[in-house]
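The structure appears right after this line, and notes come after that.
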Amino acid sequence: MAKIGDILVAKGVISQEILGQALEIQKNEPPGHRRQLGKIFYEDLGVDQHSVLHELSQIFAIKEVEIHPEDLTDEQVEFIDGVFDSRTDEVRASMIRAKMVPFHVRGQGREAVLTIIAADPTDPDVTSMAEQLPFGNFEIVYSKVNNVDAVLNKVLSSRNDFLGILDEIQYDEDNQVDEEDVDEAALDAEINQSALTALVEGVLVEAVRQDVSDVHIVPQPGNITDINFRVDGKLETWHSQKGVKPEAISAVFKDKTRNVDRFERDMAQDGFIQRKIDDYLIRYRVSIIPIVGSEFDRKLESIVIRILDDRKVITDLNLLGLQSKALSDFKKAINKPSGIVIVTGPTGSGKSTTLVAALHAVITPEKCVLTVEDPVEYLIRGSRQLKISDKMGFEAAIRAILRHDPDIVLVGEIRDLKTAETAIKLANTGHLTFSTLHTNDAPSAVSRLYKMGIEPFLIASSVSLIMAQRLIRRLCKVCKRPLPESEYHTALQFGFTEEDLKTHTIYEPVGCDKCRNGYKGRSAVMESLYFTPEIRKLIVASGEQVDEEAIREEAVKNGMLTLRMSGMERIKEGVTSIEEVLAVTVEDGG
């Protein structure tokens, strides 16, 4: 495969540096699970997938075709559907995951040749599954992944596997709202609709396939339930279900969730769901809270489901996208034998992703790594993750780790004085400690620890680095366009200089069929506060209040980018827009 890598370098598809990085990633993957270099190029290193697979198809003399769902005839859809339908659920899921379409067959009997269109014709799984299909011979051809996905979606929706189920739930105009508690027998009858159960399963499947981070199930007046998907940080309505009591939909979700009581409607509950989606185990974290509706006597609930897909876990620090000074400081802090590294930011800002990548960078077989999280989000190979339960709560788990001979500890969140004191104690007794805080920026995390009751000299001596972060939406590479000169005043007001506008191209969102409102995917902006001797002195000298502005000014002198400055760098790189950075950061000193 290295020879193919050399060919791709020679053709200008990748650089020699990218090839070196891919070979290093491949070398570190477990034997038996090592991916092909082509996959690593576009899955991990941001190389355009079509550029790689187009060249690989030419190298292997694989035919390339255009395939679009609107061009399919009813007979073709019926043929594709028939092949899928003839396979077991497990095989069908594997075919979908491999993005292969059994497109048409020519000839008969032993002379029959099946044409299979694949998004990656070099994938050995495609060949393996093709050999199991009931045709004498087959040929594999290549088409762009977006086209294959579109065809699969058309065929799957025609089979009513997912969205087709919504049409089966009929709206009942006579289904009026009673001003009494929901009758359990009537509710059971409604729940027992197979279509309603299929709707819930369809939500779980579609959320994974559409790269959704959270699903919100929200009751509305008049027996309506909105199902909203959070994509790239923004909520959008996926489906609005009419004519079914919201209590019935909530009950089905609760029936499928472990550790929750379906009949409990007056208190918050947390649970989890596990499902194998496209041959991969997905975990869902479920949060349920009682809410008040316009029909005051009804016991309505809001449900939020966080999707935990281990395939999205970043294990390489270099792929986090930290800017050079932040990456350098972060690596310096996590490679110390002791001290606390704290990541701050609001819910959904990627704190867990950063900490998991940091842990993967320091875990070795010679070290005992313990994590205490409530709840556990991602499974971290090489660590021992404590299980929180009624018998051992978060505080008890924190106390237990002190007696369990750890080298490295991850404390999910510093939530109170006891947790903070334990983290300080760990750091000061020779342990490398990771944790999170909910604060607006890095300097304010120092104030937060102080207000919790931690003495300034303990903060100064135990903390190595505090990093604040936010997630911003990335501009669509297909449709983004340069900011017109008539709008340059906006960039100047934002803080860019005339020189910046001459040397960099500022882009704005447009919107196309490849993205959502001009954006696709997310990136991070980060503020990395490394504790230098000068910073430690400023903290120790704090009186009744920590001087956040003095800490910020000293850190900027040392090369720290504030969140706003980090965002401006992302804009100059062409990654995001001014409006997006404005939405997630505040003006420095503001």
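The line from CG of Leu386 to CE of Met392 is 4.5 Å long, rounded to the nearest 0.5 Å. Between Arg35 atom CZ and Ile25 atom CD1 the span is 7.0 Å, to the nearest 0.5 Å. Put simply, CE on Met568 and OG1 on Thr576 are 13.0 Å apart, with the number rounded to the nearest 0.5 Å. For the atom pair CD1 (Ile571) and OG (Ser577), the distance works out to 7.0 Å, reported to the nearest 0.5 Å. From Glu573, atom CD reaches atom CG of Leu475 across 12.0 Å, with rounding to the nearest 0.5 Å. Between the CG atom in Leu471 and the OG atom in Ser523 there is a gap of 8.0 Å [rounded to 0.5 Å].
In this structure a side-chain-to-backbone donor-acceptor pair under 3.5 Å is present from His431 to Leu426. Using a distance-only test at 3.5 Å, with no hydrogens or angles considered, a donor-acceptor pair links the side chain of Ser566 to the main chain of Met526. Between the side chain of Thr237 and the main chain of His239, no donor-acceptor pair closer than 3.5 Å is present. Side chain of Glu264 to backbone of Asp266: a donor-acceptor contact under 3.5 angstrom is found. In this structure, Gln469 contributes its side chain and Ser349 its backbone to a donor-acceptor pair below 3.5 Å. At least one donor-acceptor pair under 3.5 Å links the side chain of Gln269 to the backbone N or O of Asp261. With hydrogens and angles disregarded, no donor-acceptor distance shorter than 3.5 Å links the side chain of Gln241 to the backbone of Ile227. Judged purely by atom type and a 3.5 angstrom limit, Arg564 uses its side chain to pair as donor or acceptor with the backbone of Thr585. Between the side chain of Gln385 and the main chain of Glu373, no donor-acceptor pair closer than 3.5 Å is present. When atom types are taken as modelled, the side chain of Lys351 and the backbone of Gly345 share a donor-acceptor pair closer than 3.5 angstrom.
Between Lys299 and Glu247 there is no side-chain heavy-atom pair separated by less than 4.5 Å. Counting heavy atoms from C-beta outward, Leu327 and Lys331 have side chains that approach closer than 4.5 Å. Between Arg470 and Asn440 the shortest side-chain heavy-atom distance falls below 4.5 Å. Side chains of His438 and Thr347 form a contact here, defined as non-hydrogen atoms less than 4.5 Å apart. With a 4.5 Å cut-off on side-chain heavy atoms, Phe253 and Val260 do not count as touching. The closest side-chain heavy-atom distance from Arg516 to Lys234 is not below 4.5 Å. Side-chain contact check for Thr257 versus Tyr284: every heavy-atom pair is 4.5 Å or farther apart. Between Cys479 and Lys514 the shortest side-chain heavy-atom distance does not fall below 4.5 Å.
Contact between Met100 and Leu152 at its shortest, heavy atoms only, is O-CD2, 4.1 Å. Across all their heavy atoms, Gln220 and Asp226 have their closest contact at NE2-OD2, 3.2 Å. Shown here for Glu580 and Arg473, the closest heavy-atom pair between the two residues is OE2-N, 2.9 Å. Closest non-hydrogen pair, Ile334 versus Ala358, comes out as CD1-O, 4.1 Å. Here the closest heavy-atom approach between residue Arg570 and residue Val525 is recorded as CG-CG1, 3.7 Å. Scanning all heavy atoms of the two residues, the minimum distance from Leu410 to Ser435 falls at CD1-N, 4.4 Å.
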Determine, stepwise, if the pair Leu320 / Thr353 fulfils side chain to side chain contact (heavy atoms under 4.5 Å, CB included). CA-CA 8 Å; Leu320 276 179; Thr353 300; 4.2 Å; yes

Exercise. When you look at Ile401 and Thr371, which way does the side chain to side chain contact (heavy atoms under 4.5 Å, CB included) test go after all the steps?
Worked result: CA-CA 9 Å; Ile401 59 176; Thr371 79; over 6 Å; no

Steps toward side chain to side chain contact (heavy atoms under 4.5 Å, CB included) verdict (Val145, Tyr42): CA-CA 12 Å; Val145 63; Tyr42 60 77; over 6 Å; no

Would Met452 and Ile414 satisfy side chain to side chain contact (heavy atoms under 4.5 Å, CB included), going step by step from the backbone distance to the final call? CA-CA 10 Å; Met452 278 184 179; Ile414 296 177; 3.9 Å; yes

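The only option from Leu199, Ile217, Ile303 that meets the side chain to side chain contact (heavy atoms under 4.5 Å, CB included) definition with Thr225 turns out to be Ile217.
Classification of Arg474 and Asp232 as a salt-bridged pair fails, no side-chain N sitting under 4.0 Å from a carboxylate O. Salt bridge present: Arg311 and Asp309 bring a charged side-chain N and a carboxylate O closer than 4.0 Å. Between Lys99 and Asp149 there is a salt bridge, since a side-chain N of the basic residue sits under 4.0 Å from a carboxylate O of the acidic one. Salt bridge annotation for Arg275-Glu201: present, with a cationic side-chain nitrogen under 4.0 angstrom from a carboxylate oxygen.
Residues Glu413 and Thr419 have side chains that never bring a donor and an acceptor to within less than 3.5 angstrom of each other. Checking Arg230 against Ser213 by side-chain atom types alone, no donor-acceptor pair falls below 3.5 Å.
Shown here is Lys39, whose NZ atom has more than 12 heavy atoms of other residues, nucleotides or ligands within 6.0 Å. Counting non-hydrogen atoms of other residues, nucleotides and ligands closer than 6.0 Å to CG of Asp270 gives a total above 12.
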